[in-house]
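Both counts, for ligands and for their atoms, begin at 1 and track the order of listing.
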Amino acid sequence: MKLLQHLGARFGCALCFAGAALLLLWHVPNLAAAAPPADGKLRIIVFGAHPDDCEIQAGGVSALWAAQGHHVKFVSVSNGDIGHWRDAGGPLARRRTAEVEAADKLLGAVTEVLDIHDGEVLPTLENRRMLTRLIREWQADIVIGPRPNDYHPDHRYTSVLVQDAAYMVTVPFFCPDVPALQRNPVFLYSPDSFQKPNPFQADIAVSIDAVLQKKLDALAVIESQFYEGGANGSANLIPSDPEKQKERKRSIRESFARRNQSLARRFAGKLAEFYGADQAAKVQHAEAFELCEYGRQPAKEEWKRLFPFFEK
Ligand SMILES: [Zn+2]
């Protein structure tokens with residue numbers, strides 16, 4: 001709305017009012033996404049640095065939540081506008097936004113891509129306010145983000161921004177334009193393989209076997225990053241032979257499936273804790289999360305309420 005006021009104040013012409021109306025329409029999905037209905041369902045907000053991070057890290061568990069009617073929102077903190085070997089700038093940001101919108105629709109999540117340049121995410125006060133407002137507007141029960149010792153600066157600073165919001169979401173006179181949360185959400189980290197200063201430790205692990213194909217279908221939509229290889233790709237990755245194209249797409253699906261298989265193996269003990277040994281032994285693909293010490297610290301029973309997937 002600030003943009004509309006700015007345009008109107010600056011030009012005050014009919015063209016601008018027409019443009020403003022179009023912009024307003026364009027923003028309607030985001031306005032609708034600002035607050036899910038108070039229907040007693042869970043509200044989960046996932047932050048990734050780029051348009052593909054949320055889908056890789058939490059695509060499976062989000063599909064499980066969404067299938068039960070819980071409300072999931074994926075936020076990409078950057079617009080991804082340098083994440084390709086051939087394309088860049090506005091057209092790439094638009095393409096990547098369209099990709100995650102289509103992918104998230106398959107998973108049942110709402111999408112928001114913030115207009116911050118890729119490679120330039122910083123833990124500024126302005127961004128702290130923005131993430132605080134997003135978590136409050138979603139009235140989140142669960143917030144998921146990356147760990148602060150990831151290799152990519154955007155991932156690290158997205159993590160710091162989420163951590164910085166973890167307490168501030170409860171403080172009424174910080175961003176008083178959006179009411180503070182009465183109850184601090186549970187903040188979770190998504191996994192990575194970095195060992196220093198401390199390796200990822202799972203506090204919760206969930207079987208995604210039931211939704212694996214849906215997750216792989218959603219990731220397949222994000223062609224700029226996986227099929228075309230993103231920032232470190234090249235024209236050589238894309239075969240001209242249609243049979244080889246199919247083969248490449250199949251191998252991408254397999255590599256993502258293997259990633260979730262390795263999480264299931266790595267956190268088999270945690271799966272057994274939540275599913276029982278017999279059922280856990282059958283799990284092939286998993287997603288896992290680590291509890292951040294800054295938000296609410298759930299007891300065992302609350303974990304099962306927040307992740308309502310363990311009862312048969
Ligand atoms: Zn990323």
Side-chain angles (χ1 to χ4, degrees), residues 44-62 72-104 107 109-124 127 130-131 134 143-165 187-195 199-200 215-216 218-234 237 252 255-256 258-260 262-263 287-290 292:
I44 301 99
I45 189 164
V46 185
F47 289 94
H50 307 108
D52 67 351
D53 291 329
C54 297
E55 291 76 9
I56 295 171
Q57 296 288 14
V61 72
S62 295
V72 184
K73 180 170 184 175
F74 284 180
V75 179
S76 176
V77 174
S78 86
N79 62 18
D81 62 355
I82 59 164
H84 202 271
W85 48 272
R86 180 192 60 213
D87 306 326
L92 179 60
R94 282 225 290 269
R95 181 184 180 199
R96 296 190 63 182
T97 299
E99 285 179 341
V100 285
E101 281 173 349
D104 299 353
L107 298 169
V110 167
T111 311
E112 184 156 352
V113 176
L114 302 181
D115 198 16
I116 296 173
H117 289 304
D118 190 345
E120 299 184 14
V121 173
L122 286 173
T124 62
N127 290 343
M130 187 150 57
L131 266 70
L134 285 167
V143 182
I144 300 177
R147 294 201 309 153
N149 43 332
D150 194 290
Y151 77 108
H152 196 302
D154 289 346
H155 295 186
R156 286 203 298 278
Y157 296 133
T158 295
S159 179
V160 170
L161 284 164
V162 174
Q163 289 180 338
D164 286 354
F187 286 77
L188 301 174
Y189 294 121
S190 45
D192 59 58
S193 51
F194 297 97
Q195 301 295 304
F200 172 89
K215 177 176 180 179
L216 298 180
L219 292 172
V221 171
I222 309 176
E223 288 202 340
S224 71
Q225 299 308 294
F226 308 130
Y227 181 65
E228 295 174 19
N232 299 126
S234 75
L237 281 180
I252 292 166
S255 75
F256 279 119
R258 273 200 305 276
R259 185 180 179 280
N260 289 114
S262 96
L263 287 171
E287 285 175 353
F289 303 94
E290 176 176 336
C292 168

Using only heavy-atom distances, determine whether the side chains of Tyr189 and Gln163 contain a donor-acceptor pair under 3.5 Å. yes
Any side-chain to backbone donor/acceptor pair from Glu99 onto Ser224? Under 3.5 Å, distance only. yes
Determine the sole option in Arg96, His155, Gln225 for which the side chain to side chain donor-acceptor pair (under 3.5 Å) test with His50 is passed. His155
Any sub-3.5 Å donor-acceptor pair from Gln57's side-chain atoms to Pro191's backbone N or O? yes
Here the Zn ion (ligand 1) sees protein N, O or S atoms within less than 2.8 Å, and their number is 4
Looking only at atom types and distance, does a side-chain atom of Asp81 sit under 3.5 Å from a main-chain N or O of Asp118, one as donor and one as acceptor? yes
With Glu228 via salt bridge (charged side-chain N to carboxylate O under 4.0 Å, His left out) - residues at least two apart: Arg86, Arg95
